[in-house]
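Reviewing the structure listed below.
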Amino acid sequence: MSIVAWLVLGLLAGAIAKLILPGRDPGGCAGTTVIGIAGAFLGGWLSAEFLDRPVRREFFDAATWGSAVVGALVLLIAHRLLFGRSRN
């Protein structure tokens with residue numbers, strides 16, 4: 001996939017992670033977007049390194065989307081733990 005596809009995937013993965021873990025985040029919408037993009041890269045790397053499941057070049061691969069969303073969730077939880085709790 002191209003870098004633009006990874007950015008779009010990360011943006012959508014961040015939005016899905018935000019839907020799974022609602023609440024106000026310390027970084028706001030822009031911070032959640034950056035976390036989603038970084039989570040997509042992290043999830044893809046972790047999937048390739050530790051699960052022996054390399055990222056495919058297809059945008060609509062379920063494993064790629066799953067690893068991106070899980071990576072975004074991990075980073076969102078870590079961000080909340082490090083920089084403050086969500087406010088209801």
Side-chain angles (χ1 to χ4, degrees):
M1 286 192 303
S2 70
I3 193 76
V4 174
W6 272 107
L7 293 175
V8 170
L9 175 65
L11 177 67
L12 294 174
I16 293 169
K18 183 69 174 169
L19 286 173
I20 294 171
L21 293 173
R24 293 186 52 159
D25 292 311
C29 185
T32 304
T33 301
V34 171
I35 288 172
I37 293 169
F41 284 105
L42 175 70
W45 179 76
L46 289 174
S47 174
E49 288 296 316
F50 297 109
L51 299 178
D52 203 24
R53 171 92 170 130
V55 176
R56 294 188 172 198
R57 297 204 177 268
E58 301 168 9
F59 186 74
F60 295 105
D61 182 39
T64 301
W65 279 89
S67 64
V69 171
V70 169
L73 282 170
V74 167
L75 287 182
L76 185 60
I77 290 169
H79 186 257
R80 286 182 180 180
L81 290 174
L82 290 174
F83 297 108
R85 297 186 180 261
S86 63
R87 295 174 222 120
N88 293 327

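Ala13 and Ala72 make their closest contact through O-CB, 3.9 Å (heavy atoms, listed as atom of the first residue, atom of the second, distance).
To the nearest 0.5 Å, the span separating CG on Leu76 from CD1 on Ile16 amounts to 13.0 Å. In this structure, CG in Leu82 is found 12.0 Å from CD1 in Ile77, a value given to the nearest 0.5 Å.
The hydrophobic clustering, which links ILVMFWY residues whose side-chain heavy atoms are closer than 4.5 Å, places Phe41 and Val70 apart. Hydrophobic clustering (ILVMFWY, side-chain heavy atoms < 4.5 Å, transitive): Val74 and Leu81 are in distinct clusters. Taken together through direct or relayed side-chain contacts under 4.5 Å among Ile, Leu, Val, Met, Phe, Trp and Tyr, Leu12 and Val4 form part of one hydrophobic cluster. Hydrophobic clustering (ILVMFWY, side-chain heavy atoms < 4.5 Å, transitive): Trp45 and Ile35 are in one cluster.
Partners of Leu73 according to the side-chain contact (heavy atoms from CB on, under 4.5 Å) rule, which considers only residues two or more places apart in sequence or in another chain, are Ala17, Ile20, Leu21, Val69.
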